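As structure tokens, the structure follows; a few thoughts come after it.
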Amino acid sequence: SSIQRSSASVPAMVQTRSKRAAAKRVSAAYCWCAYITALAAITVVALVLEPPPSLQGRPLLLGLVYDVAATLVVYAFSLFADNS
């Protein structure tokens, strides 16, 4: 019976979330700006900052650093737009 109660409440939660999300839409230009800025952050990290010796010769870990930089930029745009 607890499974039936929880499955019945899921559509209501999804519907509530989608109504809130619809009220907080951002423009496509804002999204493009976020992703272009994220790409710029990757470029800055890759070209300007010297990788520490522990990451030299480790492309997967270096890629992880670039990914984290881009993710932080996109997340900051999301917070700024109150759309997180």
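Values in this document were obtained by computation on a predicted structure and should not be read as measured data. Values reported hereafter were calculated over all heavy atoms of this structure, with side chains retained and with hydrogens, waters and symmetry mates removed.
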**Request:** Give the C-alpha distance, both sets of side-chain angles, the deciding distance and a yes or no for side chain to side chain contact (heavy atoms under 4.5 Å, CB included) between Val68 and Leu64.
**Result:** CA-CA 6 Å; Val68 168; Leu64 177 64; 4.3 Å; yes
**Asked** Honestly curious: do Val45 and Leu61 fall in one hydrophobic cluster under the side-chain, below-4.5 Å linking rule?
**Response**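 Same cluster.
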**Asked** Is Phe77 linked to Val26 within one hydrophobic cluster, defined over Ile, Leu, Val, Met, Phe, Trp and Tyr using a side-chain heavy-atom separation of less than 4.5 Å?
**Response**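 Shared cluster, yes.
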**Message:** If you compare all heavy atoms of Val74 against all heavy atoms of Ala38, which two are closest, and at what distance to 0.1 Å?
**Reply:**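 Shortest heavy-atom separation between Val74 and Ala38 comes out as CG2-CB, 3.9 Å.
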**Prompt:** If you look at every heavy atom in Ala34 and Val73, which pair is closest and at what distance?
**Reply:**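 The pair with the smallest heavy-atom distance is O-CG1, 4.0 Å.
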Interatomic spacing from [atom1] in [X] to [atom2] in [Y] - rounded to 0.5 Å:
X     : Y     : atom1 : atom2 : value
Ser54 : Leu62 : OG    : CG    : 9.5 Å
Leu55 : Glu50 : CG    : CD    : 11.0 Å
Leu72 : Asp67 : CG    : CG    : 9.5 Å

**Prompt:** Would you call the rings of Tyr30 and Phe80 parallel, tilted or perpendicular if under 30° counts as parallel and over 60° as perpendicular?
**Reply:**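 Tyr30 vs Phe80 ring planes: parallel.
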**Message:** I'd like to check Tyr35 versus Leu39 (side-chain heavy atoms, cut-off strictly below 4.5 Å). Are they in contact?
**Reply:**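 A side-chain contact under 4.5 Å is absent here.
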